[in-house]
Q: 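Have a look at this one before I ask anything.
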Amino acid sequence: MAAKKALSSFPKSLLDEVEKWGGRKQTGVSLRYMTKFGSQPTSRNLLFSAQFLHKELPIRIARRTLELQSLPFGLSLKPAVLKVRDWYLESFHDIRSFPEVKDSSDEVGFTKMIKMIKVRHNNVVPMMALGVQQLKNDINPKAQKLDEIHQFLDRFYMSRIGIRMLIGQHVALHDPNSNPDCVGCIHTKLSPMDVARNASEDARAICLREYGSAPDVNIYGDQCFTFPYVPTHLHQMVFELVKNSLRAVQERFMDSDNVAPPVRIIVADGLEDVTIKISDEGGGIPRSGLPKIFSYLYSTARNPLDNSLDLASTDRVTMAGYGCGLPISRLYARYFGGDLQIISMEGYGTDAYLHLSRLGDSEEPLP
């Protein structure tokens, strides 16, 4: 009832169209295809890309909108989730209201519009995390079977990664000053060592800000090795994993006379995968706790969110994050055919194995 009431601000014709488009089949693309297609950003290719997005984005956005309206345990009615649903409805309306893309002038206008949509959705992750937090305040997660919530959030965030990748790739192909080794968002000669170094420096800066000190991070691997990948995705994953390791080591050795041991990163290039191993001596995770580490409803750290969330504050990264860093990092890895595994030794430390597919031919997983 409340959900229907909340939808009354949108015309019925729009909601009917969402229903119709949400039933259509999605079309996945691979990293290799994006690289090959984007390597020649001619006006004709940009027009073709815009025409594809004009048809594809409404399908993906509509499917998520429908799910946002029918979540269990009253999650759909949480104010933060209603806000996210409204963003999705507005974006669906914007794309469907845009006329058919027929020429370069249309394509430029369409590109500006989807760029604005990407900005509109910048705060979806903290806002959804707030909605989950509001749900946790109302129910006892231990007393409820919340598998449906986990599965929905996996689908929702995976779809968001895909939507932002498609928009970001199209927009980036317009950049006249792009790196010659980049095809849109994809760096064809990305150094995982460089990304690991930059992500570690960012994570250490946050650790220093919150604790006043930070363990060292030692990185091992072939500095000359490169492979095609999306730098922002890789940075996000390594940053999250290093941040978790730094926090574990810092908290374990904070009151100790011993020097905190460094976090170690090893980059290995195999025939199929590039694997990045992040090891710490932060005390590890109890075996009983391992199944929970990829849960959106579980965090070992104090959640920085509360019901008075000011959206302007969501840009400030904390060591704790929003309680969804690990599961979302795993989705980033899986988006292009990789994976993330965590192996822990309670009383000693944790190893995270980030597997990235070198082949680039696996299509997006389409939830």
Side-chain angles (χ1 to χ4, degrees), residues 187 189-227 229-270 273-285 290 293-294 299-302 304 315-330 332-333 338-356:
H187 197 307
K189 297 177 181 176
L190 183 64
S191 165
M193 293 285 288
D194 287 349
V195 175
R197 193 171 295 110
N198 292 334
S200 298
E201 286 171 3
D202 290 348
R204 286 192 81 247
I206 293 168
C207 189
L208 280 165
R209 187 184 73 202
E210 298 222 353
Y211 295 105
S213 62
D216 289 335
V217 178
N218 297 336
I219 306 173
Y220 308 92
D222 180 0
Q223 186 59 57
C224 298
F225 168 68
T226 63
F227 77 121
Y229 208 74
V230 182
T232 52
H233 287 195
L234 185 53
H235 186 282
Q236 167 109 3
M237 292 183 281
V238 176
F239 169 78
E240 184 65 36
L241 294 168
V242 172
K243 179 165 65 75
N244 286 350
S245 287
L246 290 173
R247 177 166 64 86
V249 172
Q250 188 66 29
E251 293 189 353
R252 188 184 189 200
F253 287 88
M254 205 171 350
D255 300 320
S256 170
D257 293 332
N258 297 326
V259 176
V263 171
R264 294 178 304 283
I265 301 177
I266 300 171
V267 178
D269 55 313
D273 284 352
V274 175
T275 302
I276 300 176
K277 176 185 174 185
I278 297 163
S279 301
D280 68 61
E281 295 175 38
I285 303 162
L290 279 173
I293 61 174
F294 289 110
S299 176
T300 57
R302 174 187 53 82
D315 288 335
R316 180 181 168 88
V317 180
T318 68
M319 289 300 283
Y322 302 115
C324 53
L326 269 182
I328 289 180
S329 293
R330 184 167 68 173
Y332 270 107
D339 208 352
L340 171 61
Q341 294 174 308
I342 306 291
I343 297 172
S344 194
M345 184 185 291
E346 187 184 11
Y348 182 76
T350 300
D351 291 341
Y353 290 86
L354 180 58
H355 302 282
L356 310 168

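Numbers here simply count residues along the sequence, with the first being 1.
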Q: Would you check if Leu246 and Val217 make a side-chain contact, meaning some heavy-atom pair closer than 4.5 Å?
A: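 A side-chain contact under 4.5 Å exists here.
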Q: Run the side chain to side chain donor-acceptor pair (under 3.5 Å) test against Glu251 and tell me which residues pass, sequence neighbours left out.
A: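 For Glu251 the side chain to side chain donor-acceptor pair (under 3.5 Å) partners, ignoring immediate neighbours, are Tyr211.
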Q: Once side chain to side chain donor-acceptor pair (under 3.5 Å) is applied, do any residues pair with Thr350, and if so which ones, sequence neighbours excluded?
A: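 By the side chain to side chain donor-acceptor pair (under 3.5 Å) rule, Thr350 matches Ser344.
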Q: Using salt bridge (Lys or Arg N to Asp or Glu O under 4.0 Å) as the criterion, list what pairs up with Asp339, not counting sequence neighbours.
A: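 Scan of Asp339 (salt bridge (Lys or Arg N to Asp or Glu O under 4.0 Å), adjacent residues dropped) gives Arg334.
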Q: Mind checking salt bridge (Lys or Arg N to Asp or Glu O under 4.0 Å) for Arg204 and listing every partner two or more places apart, or none if nothing turns up?
A: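 Asp216.
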Q: State, to 0.1 Å, how close Ala352 and Ile342 come at their nearest heavy-atom pair, and which atoms those are.
A: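 Minimum heavy-atom contact is CB-CD1, 3.6 Å.
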Q: Could you pull out the closest heavy-atom pair between Tyr229 and Leu356, with the gap in Å?
A: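 Where Tyr229 meets Leu356 most closely, the heavy atoms are OH-CD2, 3.6 Å.
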Q: Can you find a heavy atom in the side chain of Tyr332 that is under 4.5 Å from one in the side chain of Val230?
A: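 In short, these two side chains do not touch, never coming nearer than 4.5 Å.
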Q: Tell me every residue that passes side chain to side chain contact (heavy atoms under 4.5 Å, CB included) with Val195, counting only those two or more places apart in sequence or in another chain.
A: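 For Val195 the side chain to side chain contact (heavy atoms under 4.5 Å, CB included) partners, ignoring immediate neighbours, are Leu190, Leu234, His235.
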Q: What are the two closest non-hydrogen atoms of Met237 and Ser329, and how far apart are they?
A: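 Nearest heavy atoms, Met237 then Ser329: SD-O, 3.5 Å.
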Q: Rounded to the nearest 0.5 Å, how far does CG of Leu241 lie from OH of Tyr353?
A: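 Nearest 0.5 Å value for the OH-CG distance: 13.0 Å.
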Q: Suppose we screen for side chain to side chain donor-acceptor pair (under 3.5 Å). Which residues come up paired with Asp351, at least two apart in sequence or across chains?
A: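 Residues passing side chain to side chain donor-acceptor pair (under 3.5 Å) with Asp351: Ser279.
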Q: Looking at every non-hydrogen atom in both residues, tell me the closest pair between His187 and Pro231 and how far apart they are.
A: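 Result for this residue pair: CB-CG, 3.7 Å.
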Q: Find out whether Ile206 and Phe239 are in side-chain contact, i.e. whether some heavy atom of one side chain is under 4.5 Å from a heavy atom of the other.
A: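 Yes - at least one pair of side-chain heavy atoms lies under 4.5 Å apart.
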Q: Give me each pair satisfying side-chain hydrogen bond (donor to acceptor under 3.5 Å, both in side chains) with a member in residues 256-270, each pair once, sequence neighbours excluded.
A: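 Listed once each, the pairs are Arg264-Glu281.
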Q: Partners of Ser213 by side chain to side chain donor-acceptor pair (under 3.5 Å), sequence neighbours excluded?
A: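 Once residues adjacent in sequence are excluded, the partners of Ser213 under the side chain to side chain donor-acceptor pair (under 3.5 Å) criterion are Gln250.
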Q: Which residue pairs satisfy the salt bridge (Lys or Arg N to Asp or Glu O under 4.0 Å) criterion with at least one member in residues 229-238, sequence neighbours excluded?
A: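 Non-adjacent pairs meeting salt bridge (Lys or Arg N to Asp or Glu O under 4.0 Å): zero.
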Q: Answer whether the closest heavy-atom distance between the side chains of Asp202 and Val242 falls below 4.5 Å.
A: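 Sidechains of Val242 and Asp202: no contact.
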Q: Asp194: what forms a salt bridge (Lys or Arg N to Asp or Glu O under 4.0 Å) with it, not counting sequence neighbours?
A: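 Here the qualifying residues are Arg197.
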Q: Holding to side chain to side chain contact (heavy atoms under 4.5 Å, CB included), I want the full list of residues that pass it with Ser245, two or more places apart in sequence or in another chain.
A: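 Partners of Ser245 by the side chain to side chain contact (heavy atoms under 4.5 Å, CB included) criterion, ordered by chain and then number, come out as Val263, Ile278, Asp280.
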